[in-house]
Amino acid sequence: MLDVRRFRNEFDQVKEGLSNRGVTQEEIEKLTQLDQRRREWISETEQLKNRRNVVSQEIATKKRNGEETNSLIEEMKEVSNKIKQLDDQLRELESEFERHLLSIPNVPHSSVPVGLSEEDNVEIRTWSEPRTFDFEPLPHWEIADKLDILDFEAAAKVTGSRFVFYKGLGARLERALINFMMDLHVDEHGYEEMLPPLIVNRDSMIGTGQLPKFEDDVFKIEDSDYFLVPTAEVPVTNYHREQILSADDLPKKYAAYSACFRSEAGSAGRDTRGLIRHHQFNKVELVYLTKPEHSYELLEELTSHAEKVLQLLGLPYRVMSLCSGDLGFSAAKTYDIEVWLPSSGTYREISSCSNFEDFQARRSMLRFRREPKAKPEFVHTLNGSGLAVGRTVAAILENYQNEDGSVSIPEVLQPYMRVDKIAKS
RNA sequence: GGAGAGGUGGCCGAGUGGUUGAAGGCACUGGUCUUGAAAACCAGAGAAGGGGCGACUCUUCCGUGGGUUCGAAUCCCACCCUCUCUGCCA
């Protein structure tokens, strides 16, 4: 959530940042108006309430002394009615104000490239060279079909499109990757492991910014106010919601594996084949809660931890800095890590690492104290995929495929897989 | 799902519709005392929002949301959560 005070005090800067990512002039003006009216009405009702408190005190004293209080009570009836009226108006205004505020995206960090779309994202670095094949590399769904390790048709029958059954060594590969990634982050990178609920309530979804604006993108459980998690970011970040942490607790670093559920409304026809875009997929997520002054340096650290997974797996990738127009709603800055997919000859997103600054913390009242008696301040939250598991399987199948249709297993995974190759049985 | 009990400050725990932001205790901070510490004594200390350059000041907050009342932690209604018993069940 946007800081209204920052909005007032650094109006020009905030306005520019927001319009760089597509917030309209009207939306900004509306917020200014609502904020002004809101503050006027607050001081009006508060004056009346002060009057009510003072006179109530007086009535109590007079009653105790046996004095007459009828005229005061009469006056207070009127004041009370007035308060009720104004309070009702104010409540309506405040909920409109909040609704509006919740629908305004985060302000991009000054280092974010200005641009309108994906086209304007900036490449930061690449790692390793795409392998050259002396045969025509197949897309992962064809490789998997020949090896009988993924079954999309059965999933379509049992559930619907954009689902999959993993089978045999395919299922083991998915599981091996989850364990490999979790072990790496916990043992080498110092994260605390967490296994969160896969269903969360509305407040949690508001806290991390999925709601109220993007209800169409998530699965809601009928006859309830529960949602399937679109990412472990939601339960894990909300774990500390409405808490005041002490400075010694920071930074908090959590690694969480979860299944993720997304409705993929609006992406009909895109990536219909293979593992790239599913309604349900597995992901290992890294989540940070930090002091504000460390968040940007930790964004680099977080990104490097995600990169490390790809390096150990030997998968070529590049790191992109998303431009203002391509940033997610809650993010102030995002690096996308894109892995090389030989069959299409392109890089595809496999991790997205973002700094949300205090945007999520403000929505979810997630604070810390520098000193035992200091005023609470909002923490900064960050998260990134470390990595999306299904897409990693796709990348391994494609990058490690052999001419005979088999797929070699990257060395670091062999202890988890207990084989060095998936071949046709 | 059913029955009962309960939700008050960092924690424990009082609370009769009218100086209760809230007794008391623990923990915490500062001071006195002490060579130092402990004990004892004294004092201080919550959050959000509004106004003011500031000292400061006002409003709200006793699970959440409504209601009754001149006035609600206290009365009424709904909901949420926790605990105990119970039903079904991986």
Side-chain angles (χ1 to χ4, degrees), chain A residues 1-10 31-102 195 197-207 211-212 221-227 235 238-250 259 358-379:
Chain A
M1 186 159 55
L2 185 63
D3 179 2
V4 205
R5 287 198 195 124
R6 184 175 166 209
F7 178 73
R8 290 201 287 260
N9 299 336
E10 302 167 31
L31 190 64
T32 312
Q33 278 177 10
L34 285 172
D35 180 44
Q36 263 170 17
R37 192 142 31 109
R38 172 177 156 269
R39 282 186 296 157
E40 278 166 29
W41 289 7
I42 284 175
S43 67
E44 210 174 313
T45 53
E46 288 191 348
Q47 274 173 36
L48 284 173
K49 283 179 181 171
N50 181 236
R51 173 79 185 145
R52 180 180 68 187
N53 289 344
V54 170
V55 176
S56 285
Q57 215 58 263
E58 212 177 303
I59 291 173
T61 313
K62 288 202 167 178
K63 279 211 158 164
R64 227 175 291 126
N65 299 337
E67 292 174 47
E68 195 270 339
T69 54
N70 285 345
S71 63
L72 280 179
I73 288 178
E74 280 309 307
E75 187 204 333
M76 281 305 99
K77 274 188 187 172
E78 234 169 89
V79 171
S80 244
N81 279 334
K82 193 85 192 277
I83 289 174
K84 203 165 291 176
Q85 232 174 31
L86 275 173
D87 260 351
D88 283 347
Q89 280 180 38
L90 182 63
R91 202 177 307 140
E92 216 168 291
L93 181 73
E94 293 227 286
S95 77
E96 191 186 348
F97 176 70
E98 193 183 293
R99 228 178 307 128
H100 193 59
L101 202 56
L102 284 175
L195 192 64
L198 302 182
I199 294 177
V200 295
N201 60 30
R202 180 172 292 273
D203 285 343
S204 296
M205 293 291 270
I206 289 175
L211 294 184
I221 297 183
E222 207 174 358
D223 298 324
S224 77
D225 218 17
Y226 287 156
F227 300 84
N238 277 281
Y239 181 81
H240 291 290
R241 189 175 79 214
E242 289 151 48
Q243 282 186 4
I244 302 177
L245 301 168
S246 86
D248 307 337
D249 296 335
L250 300 177
D358 65 3
F359 189 84
Q360 295 180 325
R362 189 177 297 282
R363 288 173 160 243
S364 47
M365 289 300 275
L366 210 176
R367 294 169 294 169
F368 78 103
R369 262 187 246 276
R370 285 182 192 278
E371 302 293 334
K373 294 195 175 176
K375 254 191 109 53
E377 297 173 52
F378 290 109
V379 304

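Lettering of chains follows the sequences in order, A, B, ..., and the numbering in each one begins at 1. Atoms considered below: every heavy atom in the structure, side chains included; atoms not considered: hydrogens, waters and symmetry mates.
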| remark: Pairing partner of B:rU59, by Watson-Crick or G-U wobble and under 3.5 Å for both distances, is B:rA48
| request: Take atom C1' in B:rG87 and the same atom in B:rG2, then report the distance between them in whole Å. | output: 7 Å
| task | To the nearest Å, give me how far apart CD (A:E74) and P (B:rU69) are. | result | 13 Å
| query | With both distances kept under 3.5 Å, what pairs with B:rA78, Watson-Crick or G-U wobble? | reply | B:rU64
| remark: Those residues at least two apart in sequence (or on a different chain) that pass side-chain hydrogen bond (donor to acceptor under 3.5 Å, both in side chains) with A:S80 are none
| task | Sticking with atom P, work out how far B:rG18 lies from B:rC75, rounded to a whole angstrom. | result | 12 Å
Could you tabulate the donor-acceptor pairs under 3.5 Å formed by side-chain atoms of residues 49-58 of chain A, not counting sequence neighbours?
unit_1: A:K49; atom_1: NZ; unit_2: A:D87; atom_2: OD1; d: 3.4
unit_1: A:K49; atom_1: NZ; unit_2: A:D87; atom_2: OD2; d: 3.3
unit_1: A:R51; atom_1: NE; unit_2: A:E75; atom_2: OE2; d: 3.3
unit_1: A:R51; atom_1: NH2; unit_2: A:E75; atom_2: OE1; d: 3.2
unit_1: A:R51; atom_1: NH2; unit_2: A:E75; atom_2: OE2; d: 2.8
unit_1: A:S56; atom_1: OG; unit_2: A:R52; atom_2: O; d: 3.0

Between the protein and nucleotides 59-68 of chain B, which nitrogen or oxygen pairs are less than 3.5 angstrom apart?
unit_1: B:rU59; atom_1: OP1; unit_2: A:N50; atom_2: ND2; d: 2.6
unit_1: B:rU59; atom_1: OP1; unit_2: A:N53; atom_2: ND2; d: 3.2
unit_1: B:rU60; atom_1: OP1; unit_2: A:R52; atom_2: NH2; d: 3.4
unit_1: B:rU60; atom_1: OP2; unit_2: A:N53; atom_2: ND2; d: 3.3

| B:rC28 versus B:rU69 - spacing of their P atoms, nearest Å | 48 Å
| said: From CG of A:D87 over to C1' of B:rG50, roughly how many Å is that when rounded to an integer? | reply: 14 Å
| request: Round to the nearest Å and state the distance from A:I59 atom CD1 to B:rG18 atom P. | output: 14 Å
| Residues which pass salt bridge (Lys or Arg N to Asp or Glu O under 4.0 Å) with A:E74, listed by chain and number, not counting sequence neighbours | A:K77
| said: OP1 or OP2 of B:rA47 versus the side-chain N and O atoms of A:R369: is any pair under 4.0 Å? | reply: yes
| said: If you assign each of A:T61 and A:K375 to its closest nucleotide in RNA chain B, which residue comes earlier from the 5' end? | reply: A:T61
| field | CD (A:Q89) with more than 12 external heavy atoms under 6.0 Å | value | yes
| Over how many whole Å does the gap from A:N70 atom CG to B:rU69 atom P extend? | 17 Å
| Would a 4.5 Å heavy-atom cut-off, applied to side chains only, mark A:I73 and A:I59 as touching? | yes
| task | Sequence neighbours left out, what passes ring pair (Phe, Tyr, Trp, His ring centres under 6.0 Å) with A:F97? Give chain and number order. | result | none
| request: May I ask which nucleotide in the shown strands pairs with B:rA27, Watson-Crick or G-U wobble, both distances under 3.5 Å? | output: none
| field | Span that lies between the C1' atom of B:rU86 and that of B:rC26, in whole angstrom | value | 38 Å
| A:E67 has an atom CD; how far is it from atom P of B:rG18, in whole Å? | 19 Å
| field | Residues forming a side-chain hydrogen bond (donor to acceptor under 3.5 Å, both in side chains) with A:N201, sequence neighbours excluded | value | A:S204
| task | Ignoring backbone atoms, test whether A:K63 places a side-chain nitrogen or oxygen under 4.0 Å from the OP1 or OP2 oxygen of B:rG18. | result | no
| field | Residues which pass side-chain hydrogen bond (donor to acceptor under 3.5 Å, both in side chains) with A:R369, listed by chain and number, not counting sequence neighbours | value | none
| field | A:L72 CG to B:rG18 C1', straight-line distance once rounded to whole Å | value | 14 Å
| For residues 39-48 of chain A, which residue pairs qualify under salt bridge (charged side-chain N to carboxylate O under 4.0 Å, His left out), counting only residues two or more places apart or in two chains? | A:D35-A:R39
| task | Write down the partner of B:rC88 under the Watson-Crick or G-U wobble criteria, each distance required to be under 3.5 Å. | result | none
Sort me out a list of protein N/O and nucleotides 77-80 of chain B N/O pairs below 3.5 Å, or just none if empty.
none

| query | Looking only at atom P, what distance separates B:rG10 and B:rC62, rounded to whole Å? | reply | 13 Å
| said: Any strand counts, and the cut-off is 3.5 Å on both contacts for Watson-Crick or G-U wobble. Which nucleotide pairs with B:rA38? | reply: none
| For B:rU20, what is the paired nucleotide under Watson-Crick or G-U wobble rules, both distances under 3.5 Å? | none
| request: Write down the distance separating the C1' atoms in B:rG24 and B:rG9, rounded off to the nearest Å. | output: 14 Å
| query | Is the shortest heavy-atom distance from the side chain of A:W41 to the side chain of A:L93 under 4.5 Å? | reply | yes
| Got a second to check how far A:I244's CD1 is from A:F378's CZ, nearest 0.5 Å? | 10.0 Å
Kindly give the atom pairs (protein nitrogen or oxygen, nucleotide nitrogen or oxygen) under 3.5 Å for nucleotides 6-8 of chain B.
none

| query | Roughly how far apart, to the nearest Å, are B:rA23 and B:rA14 at atom C1'? | reply | 6 Å
| request: To the nearest Å, give me how far apart CZ (A:F97) and P (B:rG50) are. | output: 8 Å
| field | Nucleotide nearest A:P376 when distance is taken to its side chain, options B:rG51, B:rA48, B:rG71 | value | B:rA48
| note | Between A:I244 and A:R5, whichever has its closest RNA chain B nucleotide further toward 5' is A:I244
| request: Only counting residues at least two apart or in another chain, list the ones meeting side-chain hydrogen bond (donor to acceptor under 3.5 Å, both in side chains) with A:E94. | output: A:R38
| said: Nearest to the side chain of A:I42, heavy atoms from C-beta on, is which of B:rG49, B:rC81, B:rC70? | reply: B:rG49
| If we call it a pair only when both distances are under 3.5 Å in a Watson-Crick or G-U wobble match, what pairs with B:rG9? | none
| message | So A:R362, base contact, sugar-phosphate only, or nothing? Heavy-atom distance under 4.0 Å. | response | nothing
| Taking C-beta and beyond as the side chain, do A:L2 and A:L101 meet within less than 4.5 Å on heavy atoms? | yes
Contacts table for residues 358-367 of chain A: side-chain donor-acceptor under 3.5 angstrom, sequence neighbours left out:
unit_1: A:D358; atom_1: OD2; unit_2: A:R362; atom_2: NH2; d: 2.6
unit_1: A:Q360; atom_1: OE1; unit_2: A:T381; atom_2: OG1; d: 2.7
unit_1: A:Q360; atom_1: NE2; unit_2: A:T208; atom_2: O; d: 3.1
unit_1: A:Q360; atom_1: NE2; unit_2: A:E233; atom_2: OE2; d: 2.9
unit_1: A:R362; atom_1: NE; unit_2: A:M1; atom_2: O; d: 3.4
unit_1: A:R362; atom_1: NH2; unit_2: A:D3; atom_2: OD2; d: 3.4
unit_1: A:R363; atom_1: NH1; unit_2: A:I206; atom_2: O; d: 2.8
unit_1: A:R363; atom_1: NH1; unit_2: A:L211; atom_2: O; d: 3.1
unit_1: A:R363; atom_1: NH2; unit_2: A:L102; atom_2: O; d: 2.4
unit_1: A:S364; atom_1: OG; unit_2: A:Q360; atom_2: O; d: 2.7

| said: Tell me which nucleotide, if any, is Watson-Crick or G-U wobble paired with B:rG54 when both distances must be under 3.5 Å. | reply: none
| Integer-rounded Å distance: B:rC58 C1' and A:E44 CD | 15 Å
| Taking the side chain of A:Q57 as its heavy atoms from C-beta onward, which of B:rU19, B:rG71, B:rA48 lies nearest to it? | B:rU19
| Euclidean distance for P, B:rC11 against B:rU16 (whole angstrom) | 23 Å
